[in-house]
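Just the heavy atoms: all of them, side chains too, but no hydrogens, waters or symmetry mates, feed the values below.
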Amino acid sequence: MKKFAAIAAIMMMTTAPAFAAQGGFNGPSATASQTQTQQGGFVDNNANLTTAAKVKDLKDDAWVKLRGNITERLSDDRYTFRDETGTVVVEIDHKRWNGVTVSPQDKVELQGKVDKDWNEFEIDVKQVIKLNK
């Protein structure tokens, strides 16, 4: 009986990932059951876009998307971000740059979370995107 339980457990562990996985081959010889249909549509790149002035009124941990310029380095991972409404301090960890290099003249999109403490706040940036001019 123990052998049967062990074999059943091994079979469940090895076959479960196959049932859970999504995707597959999508090419000229794929059958309809092998391909997945993806729905497309309009993506509004300005959705959830906010400004430096409005960030101050948001709650802690609110997700934000800002567009403007990084104008100054304040410390190792803290910078000043400026848009047409004002400035805000942003924290960008080294791993979040992902090889992107920007100057104060480059327009960027920053996505991250509001990080509020007692008397100050900043944006904890999760993604840096350099925009085309």
Side-chain angles (χ1 to χ4, degrees):
M1 186 69 172
K2 290 182 183 179
K3 287 182 183 179
F4 177 73
I7 291 171
I10 291 170
M11 287 182 62
M12 285 191 297
M13 289 189 305
T14 58
T15 58
F19 291 120
Q22 295 288 325
F25 177 68
N26 187 10
S29 62
T31 63
S33 63
Q34 290 175 321
T35 61
Q36 290 182 330
T37 55
Q38 295 181 359
Q39 294 184 358
F42 174 71
V43 176
D44 185 3
N45 288 332
N46 293 323
N48 301 325
L49 189 63
T50 191
T51 63
K54 290 181 183 178
V55 165
K56 297 171 184 160
D57 299 329
L58 297 176
K59 294 182 179 181
D60 189 37
D61 292 332
W63 281 94
V64 295
K65 185 190 301 185
L66 299 165
R67 286 193 186 143
N69 303 81
I70 298 172
T71 58
E72 181 183 9
R73 183 177 193 170
L74 302 173
S75 66
D76 186 41
D77 59 356
R78 296 180 76 215
Y79 303 86
T80 301
F81 172 85
R82 176 180 294 281
D83 66 8
E84 63 277 354
T85 66
T87 62
V88 65
V89 174
V90 296
E91 179 183 351
I92 306 173
D93 293 335
H94 297 288
K95 65 183 177 182
R96 302 297 182 191
W97 287 104
N98 289 326
V100 174
T101 302
V102 299
S103 70
Q105 292 76 31
D106 294 320
K107 190 159 185 159
V108 296
E109 178 178 288
L110 303 179
Q111 297 178 21
K113 294 189 330 182
V114 175
D115 185 15
K116 286 192 175 183
D117 289 328
W118 288 99
N119 293 329
E120 60 183 37
F121 75 96
E122 63 187 19
I123 305 300
D124 185 13
V125 175
K126 304 298 183 187
Q127 185 175 26
V128 178
I129 302 169
K130 186 175 180 179
L131 301 174
N132 296 333
K133 291 187 179 188

Residues that S103 engages under side chain to side chain contact (heavy atoms under 4.5 Å, CB included), provided they are two or more places apart: Q105, D106

Ring pair (Phe, Tyr, Trp, His ring centres under 6.0 Å) against W97, all qualifying residues, sequence neighbours excluded: Y79

Trace of the side chain to side chain contact (heavy atoms under 4.5 Å, CB included) decision for N98 with V128: CA-CA 8 Å; N98 289 326; V128 178; over 6 Å; no

So D61 and V114, do their side chains get closer than 4.5 Å, heavy atoms only? no

May I have the list of side-chain donor-acceptor pairs in residues 117-126 shorter than 3.5 Å, sequence neighbours left out?
from	atom 1	to	atom 2	distance (Å)
E122	OE1	R78	NE	3.0
E122	OE1	R78	NH2	3.2
D124	OD2	K126	NZ	3.1

Check step by step if side chain to side chain contact (heavy atoms under 4.5 Å, CB included) holds for L110 and F81. CA-CA 9 Å; L110 303 179; F81 172 85; 3.5 Å; yes

Name all residues meeting the side chain to side chain contact (heavy atoms under 4.5 Å, CB included) criterion together with T71; count only those two or more places apart in sequence or in a different chain, and write none if there are none. N69, T80, R82

Here the pair of heavy atoms bringing A53 nearest to T85 is N-OG1, 3.1 Å

Are V90 and L58 connected in a single hydrophobic cluster, I mean Ile/Leu/Val/Met/Phe/Trp/Tyr linked by side-chain heavy atoms less than 4.5 Å apart? yes

Measure from the side-chain N and O atoms of K130 to the backbone N and O of K107, and report whether any donor-acceptor pair falls under 3.5 Å. no

How far does CD1 of I92 sit from CD of Q127, to the nearest 0.5 angstrom? 11.5 Å

Q111: what forms a side chain to side chain donor-acceptor pair (under 3.5 Å) with it, not counting sequence neighbours? E109

Mark yes or no for whether D77, through its side chain, and E91, through its backbone, hold a donor-acceptor pair below 3.5 Å. no

What one should report as the nearest heavy-atom pair of T51 and L66 is C-CD2, 3.7 Å

With sequence neighbours excluded, tell me which residues meet side chain to side chain contact (heavy atoms under 4.5 Å, CB included) with D60. D115, K116

